[in-house]
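Report on the following structure.
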Amino acid sequence: MTLAALYIGIFVIAWIVTRALRRQRSDFTSLKTVTFGDESAVTPDRVASVLSLLAIFLIWGAFTGSRLTPLHVPGPFKGDLSFTYTATNATGTDDAVVHLLAHDFGATVEPPAVTPGDGFAKDDAGTVAAWRSVLVKPTANDGEAATITAINGQPITPDVPLFIDNARIVLTPKGSLNVEPAKGWQMEPIWLPAPEAVAARLKEIATKGYQNTSLWEHLAASLQRVLAGFALGAIVGIPLGYAMGLSGWFRGWFDPIVEFMRPVPPLALIPLIIIWFGIWETGKITLLFLAALWIMVIAARSGVSGVRLSKIHAAYSLGASKWQILRHVIIPNSLPDIFTGARVAMGVCWGTVVAAELVAAEKGAGMMIIAASKFQLTDIVVMGIILIGVIGYSIDILMRMAETWLVPWKGRG
Amino acid sequence: MTGLIIDALSMRFDLPNGGSVQALQDINLTIQKGELVSVLGPSGCGKTTLLNILAGFLAPTSGKVLLNGHPVTGPHPERGMVFQQGALFEWMNVRRNIDFGPRMKGMGQSDRDRITDHLLATVGLQDFGDKAVYELSGGMQQRVALARCLANDPDVILMDEPLGALDALTREKMQGLVLKLWKETGKTVILITHSVEEALLLGERLIVMAPRPGRIFKEYNLPFAERGVGADLRAVKRSDGFADTREEILTMIWGMEEEIMGRKEGAA
Ligand SMILES: Nc1ncnc2c1ncn2[C@@H]1O[C@H](COP(=O)(O)OP(=O)(O)OP(=O)(O)O)[C@@H](O)[C@H]1O
Ligand SMILES: [Mg+2]
C-alpha cells in the first residue's frame, strides 16, 4: 500500500517537474497540432522511460539500504539497546541494566563487557542481530525467586508487549524477556537483496559460473532450446499455415486441431511431454516446438487469407501462373504477418523454456534461479529474473529490427 | 473479327440463405478495337460483376464473351486490369511493379528495362522508378498501375473506378492521362466510374446500366473524349452539350434510385 502510494507519488512528481522544466521550449510545437486522441501521435517519451527505470532502482535501493542510492527508508535498529529492569524478590526491589548490542545480520560480535553492579539484581549482556529477536533472562544471575516487574520504570506484565526506544519487549510467563529491535522499513537481504549485492553476484557468476557451469553456458543452453524449438515450429508451421490458407481440404483437416491446441497454454503440456518424451532435451524442444507451431500456423494462415483479392486478380491478368502468384504475391504479402507471429512465438518460447527449466534441467536460466531459490540465494534469483527479462526484451528488439529491415512495407499496403 | 463481343450475358449469384441475386441479365454489347467505353450506373447494378466476367475472374451463368473471335474462359494478359487502389505489390519498387507482367513471361532484362523506361516516361514518373510504391501519392500509384497494365501490351484495358479514390485535382490530371494513353496506344478501354462527369469525358460510348436485374439501360455516343485529347478538360466541360447531357443522365439515375427506394418501401 505505502509502496504503491510512494510509486504513484514519484510518477506524478517526475511528470510535473519534467513538464515544468520543458515549459519554455515547447511553446512553439504545442501550437502546431491537436494530438489528443490521435494514437499515432503518441510516441514514448524517452525521458519518462529513463526516469521510470531510475525510480524503480531508487525504490529498490531505498528499501534495501543500498550504498548506491542516497535516500533510504529507516533500516533495522543497530547499536546500543541497553535498558534498565526492576527485579523484585522477598527482600524488596533492585534495578539493573541489560547491555544489549544490536548488530548487522550475519555478523558475529562479542557481547559488551559488564560489571555485575550492586544489589541483588546484576547487570547482564547480550547481542541481537538486525531483523531477529533474542530471549534474555536477566534474573538468571539475580538469586532465587526474583521476578521482573518493570522496564525503564514502566511496569510490565507477562505477554503484554512493551515498547522502549528502538525495541519491543515481551515478558514471557516463565520470566524471560523477548527483545526485538525495531525492524524499520527495509527488506531483509533474504527477501530482496540490495542492487549492489545482485551486481556483485552477477560479476561473481559471470566469472566463476554457477554449479560448475559458466553463466554464458546457462544462458546459451536456454537460447539454444528456444532457437531449436522455434525453428522446428516455423519449418513445420509456416508451410502448414500456407496449405491451410490455400486449400479447403487442409483447412478442414487441421482447423479442429489448431483451434483446439491454440488455447492450451504450453505449460499445461509439460506433464504429458515429460511422460512421452522425458524431462531432458527432447522433451523441452518438443514443448517449444509445440508452443511455436500453432502460433506460426495461425500467422501463416492469416497472412495468406489476408491477401487482397485485387492483388491476386491483378497478378492473374498480368499473366502470372499459380506458382508465380504464390511466389511473388502470396508469400511476400504474408511476410508481415509471419514476422508478427515469429515475434509472439519467440516471446512465448522464451517464457516457456524458463518455466520448463524450473521443472528440471542441468543448465539454463530457469534452472539457475530454481536451484538458487532452494538455498535461499535471493540475489541469484533476482539476478536470474533480470537476465531473463533483459534477454526476452533483446530478442523482441532484434525481431523488430529484422522486421523493419526485411518487410519495410508492413502495414502500408 | 477484332473487337469484344458480349453475347446474351447473364449472371446470377446464389446466396447462402437460399435466395439469389440477378446481377446481370441479358447483356449484349459489341465493342470495336480501339473504342473508349465508359460504364455508369447506380451502386449494385452489376458494373463490377460485368468487368470481372470480361477479365475472366468470374464465369457467367449464361451467355458468352468473345475477344477477337476467341471465347473468354479465364484471366489472360490480353485483357489488362486497373483497380481502384491497393492492387500494387508494395514489396516491389515501382520498376518491379511495372515489369511484373513481362517478368512473369520470362522476358529478358534489357527488353524489360526498355519497356519500363518508356512507360515511366509516358506516365510522368521518370525519377520514381526506384521508389517503393508506398512512398508515392495516390495519384502516382495509379500512374504505376496504368503503366503496369500497359507493360503487358494488352488488347483491352479494363478499369474499375481507377480514379475513384483520388482528390478532384489529381483526378482531373489523371483523366487527361487516360485520354492521352488511349489515343497514343489505340487500345480498347472499358472504364467504370461513379462520376457522371468522368463518364462523359472518358467515353466515346457511354453505357448507362440499371439495377435489379442489372441491365443496359441506355447508350450514348459522345464527342467529348475526342475533344478532350490533348486539350484543357475544363474547356471541354464548358463546351456545347456537356452540361445538358450531364443533367439528362443525372436525372435518369436519380429516377432509378427513386424507383429502387420506392420498391424497397413497398416491399417493407
Ligand atoms: N460474390 C457475390 N456473391 C453474391 N452476390 C454478389 C456477389 N458479387 C456481387 N453480388 C451482387 O451482385 C450485384 C451487383 O454487384 P456489383 O459489385 O457488380 O455492383 P456494382 O455496380 O459494381 O456496384 P458498385 O458501384 O457499388 O461497385 C449486387 O447486388 C451484389 O450484392
Ligand atoms: Mg463496383
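Convention: sequence-line order gives letters A, B, ...; per-chain numbering from 1. No hydrogens, no waters, no symmetry mates; every other heavy atom, side chains included, goes into these values.
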Q) What's the verdict on side-chain hydrogen bond (donor to acceptor under 3.5 Å, both in side chains) for Gln141(B) and Gln85(B), showing C-alpha distance, side-chain angles and the deciding distance? A) CA-CA 8 Å; Gln141(B) 290 184 0; Gln85(B) 228 183 16; 4.7 Å; no
Q: Apply side-chain hydrogen bond (donor to acceptor under 3.5 Å, both in side chains) to the pair Asp337(A) and Ser334(A), showing each step before the final yes or no.
A: CA-CA 5 Å; Asp337(A) 279 321; Ser334(A) 68; over 6 Å; no
For residues 288-301 of chain A, run the donor-acceptor check on the side chains, cut-off 3.5 Å, and write out each pair with its distance to 0.1 Å, sequence neighbours left out.
from	atom 1	to	atom 2	distance (Å)
Trp294(A)	NE1	Leu290(A)	O	3.4
Arg301(A)	NH1	Asp255(A)	OD1	2.9
Arg301(A)	NH1	Glu259(A)	OE2	3.4
Arg301(A)	NH2	Glu259(A)	OE2	3.4

Donor-acceptor pairs under 3.5 angstrom involving side-chain atoms of residues 246-253 of chain A: please list them, not counting sequence neighbours.
from	atom 1	to	atom 2	distance (Å)
Ser247(A)	OG	Trp249(A)	N	3.2
Ser247(A)	OG	Phe250(A)	N	3.1
Arg251(A)	NE	Met244(A)	O	2.9

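Neither the backbone nor the side chain of Gln84(B) comes within contact range of chain A; no heavy atoms are under 4.5 Å apart. Neither the backbone nor the side chain of Leu158(B) comes within less than 4.5 Å of any heavy atom of chain A.
Among His76(B), Met92(B), Arg148(B), the residue with the largest count of heavy-atom pairs under 4.5 Å with chain A is Arg148(B).
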